[in-house]
There are 6 protein chains.
Amino acid sequence: MSRSVMMSDLSWPEYKRRLEEEDAIILLPVGAVEQHGYHLPLGTDWIMATEMSRRAAERVGGIVAPPVMYAYKSQIRSGGGNHYCGTTSLDGASLIEMVRDVLKEFARHGARKIAVIDGHYENEFFLTEACDLAVRDLRYDGVTDVRILKMRYCEEISDEVLEIAYPAGYPGLALEHGAVLETSMMLHLFPHLVDVSKISDDPPADFPPYDLYPGNPDWVPPSGCLAPAHGSSAEIGKMLVDEFTDLVSGALEAQFRTAQTAAERKVS
Amino acid sequence: MSRSVMMSDLSWPEYKRRLEEEDAIILLPVGAVEQHGYHLPLGTDWIMATEMSRRAAERVGGIVAPPVMYAYKSQIRSGGGNHYCGTTSLDGASLIEMVRDVLKEFARHGARKIAVIDGHYENEFFLTEACDLAVRDLRYDGVTDVRILKMRYCEEISDEVLEIAYPAGYPGLALEHGAVLETSMMLHLFPHLVDVSKISDDPPADFPPYDLYPGNPDWVPPSGCLAPAHGSSAEIGKMLVDEFTDLVSGALEAQFRTAQTAAERKVS
Amino acid sequence: MSRSVMMSDLSWPEYKRRLEEEDAIILLPVGAVEQHGYHLPLGTDWIMATEMSRRAAERVGGIVAPPVMYAYKSQIRSGGGNHYCGTTSLDGASLIEMVRDVLKEFARHGARKIAVIDGHYENEFFLTEACDLAVRDLRYDGVTDVRILKMRYCEEISDEVLEIAYPAGYPGLALEHGAVLETSMMLHLFPHLVDVSKISDDPPADFPPYDLYPGNPDWVPPSGCLAPAHGSSAEIGKMLVDEFTDLVSGALEAQFRTAQTAAERKVS
Amino acid sequence: MSRSVMMSDLSWPEYKRRLEEEDAIILLPVGAVEQHGYHLPLGTDWIMATEMSRRAAERVGGIVAPPVMYAYKSQIRSGGGNHYCGTTSLDGASLIEMVRDVLKEFARHGARKIAVIDGHYENEFFLTEACDLAVRDLRYDGVTDVRILKMRYCEEISDEVLEIAYPAGYPGLALEHGAVLETSMMLHLFPHLVDVSKISDDPPADFPPYDLYPGNPDWVPPSGCLAPAHGSSAEIGKMLVDEFTDLVSGALEAQFRTAQTAAERKVS
Amino acid sequence: MSRSVMMSDLSWPEYKRRLEEEDAIILLPVGAVEQHGYHLPLGTDWIMATEMSRRAAERVGGIVAPPVMYAYKSQIRSGGGNHYCGTTSLDGASLIEMVRDVLKEFARHGARKIAVIDGHYENEFFLTEACDLAVRDLRYDGVTDVRILKMRYCEEISDEVLEIAYPAGYPGLALEHGAVLETSMMLHLFPHLVDVSKISDDPPADFPPYDLYPGNPDWVPPSGCLAPAHGSSAEIGKMLVDEFTDLVSGALEAQFRTAQTAAERKVS
Amino acid sequence: MSRSVMMSDLSWPEYKRRLEEEDAIILLPVGAVEQHGYHLPLGTDWIMATEMSRRAAERVGGIVAPPVMYAYKSQIRSGGGNHYCGTTSLDGASLIEMVRDVLKEFARHGARKIAVIDGHYENEFFLTEACDLAVRDLRYDGVTDVRILKMRYCEEISDEVLEIAYPAGYPGLALEHGAVLETSMMLHLFPHLVDVSKISDDPPADFPPYDLYPGNPDWVPPSGCLAPAHGSSAEIGKMLVDEFTDLVSGALEAQFRTAQTAAERKVS
């Protein structure tokens, strides 16, 4: 067995050894099964969250748990909406409960440094609740020294990268669904899953400042992309992947691998 | 009985009459019971959501349902965190279920135009789920013509207002907790609930790009305000209240009071 | 900021100070949004529960938390039934969970003396369960010294008052929905919310000794009042308000403000 | 197989035949496993609810489903409290869900006339919710013609019987726990389960007008009986059993076996 | 009161005394209300589970709690399916929650030796979950010395008995629904509930190696028996009852009544 | 994009096209993250379920949805127990809800032929419940033509294969955890994930005929394998993989790709 950081590849004694001897950080990738336009695959979100977790795990001494692939419902204004064929989502409570259970299991294994790495915007608050409830249940069990870090792998993007990726101006993370960022990253990492010939000419979406239930499909460009993917490239993708790998592994280092006090930890 | 737009003030025949004869829009304010620094009261979020709903209701022919006052847990990076004394929150599932039930009741009354007006950042996705599940349950019951609009009353702020309110630069909505916007609005609307002498000199919060569970109270300025409130004024408050009243009532007009097609509706 | 007993009006440091320095009792009013005939408003139950809590809080050193306004489904034989337009109710589980969460938050704040003051008959056992589950969860967390008192503000009425309010004989609390007691109290406290000209001439309801699901609306007088409200007056209302204020504050004093042993506490 | 009215004794074709050919009413007894003093058995509530259901079923053409034996938590002021050894109770949600499921199954079988016969005070509102949710789920399934009657078998007691049973005055149903009524009925029906030599001399309970959580065991007489059982007799028991059999079968006849319109049905 | 082992027959002091002085084992029978062909009653599963528990309880010093009669949905390939009229089942979650609650109550009573005796194949994993969750909740409460044994009363059958019962070869436990084993046991124990004249001539069921949802009723012989009951007899029944009584009481003795270490306990 | 059968690899239009034009069957693999001895990886169950689904999908025109990797708790007598480090499981309700949601999404996409392919023994009844509840919810939505086939990929093994794999006699599927079957299949398919040098010499497990909660780890061989894996080989693995591929694709063909009537379908 080669030196894999993927939990599924490890025997239980090896997994246990890394927790005990290497103080391994457990990374739980969370993605989605969600339409990403004509040119990207349905698995984009969980594939990227897993790959970014893997890269960070290799840097910081981590183990990547099997990803949460089914996740919260795509919303019109951030992911095109849950009416698309192929988008496959969970009720909020189902996602909360699954992640809550899994986090508690890692703690039972002895893990005290856990990270939830999210790649799907709509998951955020359900993951928040899962972390909060796992911490509460663990406290009921007398376990109070677990720390769970939760972040989106793309929480911050530098202006330098944005200027290169979006020479005409960045539309904002809200519209980055199936657009230049995701397409470029996939072109860099998994080009065989991208069909650039299918990139849509849809204009960027223009949403009112509210949501509607049931959602109105007419608000969304037919492709499901909220901003154009033209201009994507593997080069831009590499820049983003490198930047996000730094971001995630930097956060894990800062929180779990330094001797800073809690108060110092917040200082940039 | 004077012409109140508050549902609690109406007899059931009058409530029914407004739904049937005036095609009234039901507005459900959602807030929080949450610390807002040394100078603002715990009820700030639900008080503001209710008042903004009331103002919009008067313009568009609405009825303001009793507010959801207890809501989702304050988070460190957006509301100071749920460890504060006084902050009183619900589990995500509790909030989802309560709002889901209430929305279905409005539909049973005959309401077909419903708006959820949120004044607490952390509620967003739990309200999303509540709306989605209410629509699903109603569909099970054969009711498919209900439309629920959901928005934050402060979803958009004009640059003009921001420049006046924040002459030194806007820190972003994420840090607008107990700061100039909320303080100014409260000074305009409910000055007796504000104690300007208690405004804290805490510097703005500076958070890492991730969340931690359990949260680290050291990340938060002692007052609980994420940005300074100095410079707040009733004048700024009036500008904001007017702008947000326009925003909410404009959204309701656009969605519920015009003859536009669904496709046209999204054009600004 | 004036000396308000309403939690929503207090800053978090003032709320904390009252708990720590004044050993404040937290009162949680629970009401309903429910039809109350042609002449009383939909908010009657939560408005009254809140006002009675406020009066008791002022006497015993209490803080009134924001009321639970949406509550359990009105029943045919005690509230006219949940089929009325305007009556807006929760599933039992939703009410249990919301109140359970809120009670646990008060305990987290440091409160050890909590009172649930109910103004809606149908809530009783769901509040019982909420209290029981909150106590259990707190015990899981190692907190065993919280005491929650639960009562209806009108749990007992003196014969003297009943004779005055009902010269022709008291129909029993079961039929006191939108009738002389509630109408009189509202006339005393919030006369602008009562329209005496709309008091119905419906005869008192006459129910069989069982419930039926789905309920039969024909069992209920059209107005929704289960007994006539004629004879109501602000004077009767004042007597009732005074009596119930004594009742609630007396219970709080007896349980929370005396040095009696637990055994002595039960003796009238 | 003799002519049993107990569902558990019937083969499925016979059960089906009675529903189809005899339009059988399904009776679901609900009781409790709860302390009943030193002299009555833990099963008193479910045993009585089942026996009263059986007697009514024989009169009105009913089938008695297996009883719900575990039910809602005993309360201090109505059943002595859930701290007793032997009292074995469910969370409210567990009871709601179990009864909801069972009621829906009867409807799937083709039953359209269903009765829930309760013998334990604390169950009432959880049964209400179970009936309400079953009706809702059935409506989702397109089934709208089921009627569920819910009652306590002892909902009404005549003054004649009370005078004989309680020559010194009736303490009220609230304190009738392990007292003259239950003891007498058990003496009439199941004397081998009663040990009259163990009847306690505890005085009647004297409760304050509120509940406390966690409950205070000192409020309850040591035996667990809330009123004395002295004076109980099989003769009084027979009167009660006959009266309650009339009450239950009368309600079933009135609701399910007459041609009255719904409106007429309510007239006594 | 005679020396009954049935919990429902005992007063609370006697129940308590047996737990404290006799270290009684609590047995919880779990059955079903389920079709068992033309010749066996709907209650077969819970009746048998209760009777086998009673026999074991008498041998090992046990108390038989009221049985769980309503249980998990009959499946096509093991019980004929849940589409039969008369089969009355619970959702999985409802069964889990009910049993979880009841197990925790036994522990609150002071019981530390608890056995769940199952007589319905489909219940198995829901009982597993109920036991697991009860143990977890008790751990939250600081109770860690409870042991719950769970078994089917017919977990093992000797070849000797099978050869006599099935001279032409045993079809396997999967098809033993309403067939020779159950019929013979009922003939031995409760012959008045068996109508041998109604035994079906249906051939044994022949199922594909998968389940289908919704189930296909055509897969099941019309009677609902999955294998023929011809050849059943009270004599075979007695052999089985004796063998299973040995099996259950032997398991209880081995686990709860011997001084073996945990490691030794597993050796046959 | 090559012709992948993995849903995550497909764009939404391609996924939609296959459902509409090719009447694709959706296969949902369900596995576990569970210890499999010293020599097999934690992901064995989900890896195998996914691979067997992929092979069947290629034969029958299927699409393999992302696998459910976290699943129900390992049991002592079938998987070694949930106390192992690395075994990562869900509560039963969490698994039910997740799978229920996902199945309903496939139906929303237009899929009418769905298969749940299980590779972890303990999942069975929770998947049963998920299928049953999904069918019920879909029925509420008016969708009644979905068919869900559920099976273990190893539901049947031929005697020929067993004789080769187990020359000394087959211990039964119950003990096949980390033993010859799983090891051989992994050696054939994913040899880089097997470390044959670590195969344990533990004797086969010998369990009593009951379960215990909390489980007794002493019952389980230290490795976690319930039967020895010695004698495993890629050749045996190939035989098994071929046989199970035939079994699964045969079931899908029989149920979804033939014109047989429902009644004929069951005949072998």
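These numbers come from the heavy atoms of this one structure, side chains and all, not from hydrogens, waters or symmetry mates. Proteins come first, then strands; the chains are lettered A, B, ... in the order of their sequence lines, and each starts at number 1.
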Original post:
How would you list, by chain and number, every residue that makes a side chain to side chain donor-acceptor pair (under 3.5 Å) with C:Asp201, sequence neighbours excluded?
Top reply: C:His230
Can you pull out the residues in [range] with any heavy atom less than 4.5 Å from chain C?
{"range": "residues 105-113 of chain D", "result": "none"}
{"range": "residues 74-81 of chain D", "result": "D:Gln75, D:Arg77"}
{"range": "residues 139-148 of chain D", "result": "D:Val146, D:Arg147, D:Ile148"}

**OP:** Calculate, to the nearest 0.5 Å, the distance between atoms OH and CG belonging to D:Tyr213 and C:Asp132 respectively.
**Re:** 7.5 Å
Original post:
Hey, what's the ring geometry for D:Phe125 with C:Phe126, parallel, tilted or perpendicular (30° and 60° as the breaks)?
Top reply: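 Taking C:Phe126 first and then D:Phe125, their aromatic rings stand perpendicular (interplane angle over 60°).
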Original post:
Step by step, would you call D:Tyr153 with D:Trp46 a ring-ring contact (aromatic ring centres under 6.0 Å, His included)?
Top reply: CA-CA 12 Å; D:Tyr153 70 75; D:Trp46 74 257; over 10 Å; no
**OP:** Mind ranking D:Thr128, D:Ile114, D:Leu127 by heavy-atom pairs under 4.5 Å with chain C and telling me who comes out on top?
**Re:** D:Thr128
**OP:** Count the heavy-atom pairs under 4.5 Å between each of D:Glu124, D:Glu129, D:Glu155, D:Met151 and chain C, then report the option with the highest count.
**Re:** D:Glu129
Can you find a heavy atom in the side chain of [X] that is under 4.5 Å from one in the side chain of [Y]?
{"X": "C:Leu149", "Y": "D:Asp211", "value": "no"}
{"X": "C:Val99", "Y": "C:Leu133", "value": "no"}
{"X": "C:Cys131", "Y": "C:Val116", "value": "yes"}

Subject >> Chi angles and distances behind the side-chain hydrogen bond (donor to acceptor under 3.5 Å, both in side chains) call for C:Ser158, C:Glu243 >> reply: CA-CA 8 Å; C:Ser158 68; C:Glu243 182 154 314; 2.9 Å; yes
Original post:
By a 4.5 Å heavy-atom criterion (distance strictly below it), what part of C:Asn82 contacts chain D: side chain, backbone, both, or neither?
Top reply: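 Answer is neither: C:Asn82 stays 4.5 Å or more from chain D.
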**OP:** Could you check D:Asp118 against D:Arg152 for salt bridge (Lys or Arg N to Asp or Glu O under 4.0 Å), going step by step and ending with a plain yes or no?
**Re:** CA-CA 5 Å; D:Asp118 186 20; D:Arg152 277 183 292 186; 5.5 Å; no
**OP:** Could you look at D:Arg136 and say if it's the side chain, the backbone, both or neither that has a heavy atom under 4.5 Å from chain C?
**Re:**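 For D:Arg136, the contact with chain C is made by the side chain alone.
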Original post:
Just by modelled atom types, is the D:Ile63 backbone N or O under 3.5 Å from a matching donor or acceptor in the D:Arg54 side chain?
Top reply: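 No.
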Subject >> Expected output: side-chain D:Glu156 to main-chain C:Pro209 donor-acceptor under 3.5 Å >> reply: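 Between the backbone of C:Pro209 and the side chain of D:Glu156 there is no qualifying donor-acceptor contact (under 3.5 Å).
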Original post:
Looking at C:Leu181 and C:Ala165, what are the two nearest heavy atoms and their distance?
Top reply: CD1-CB, 4.3 Å
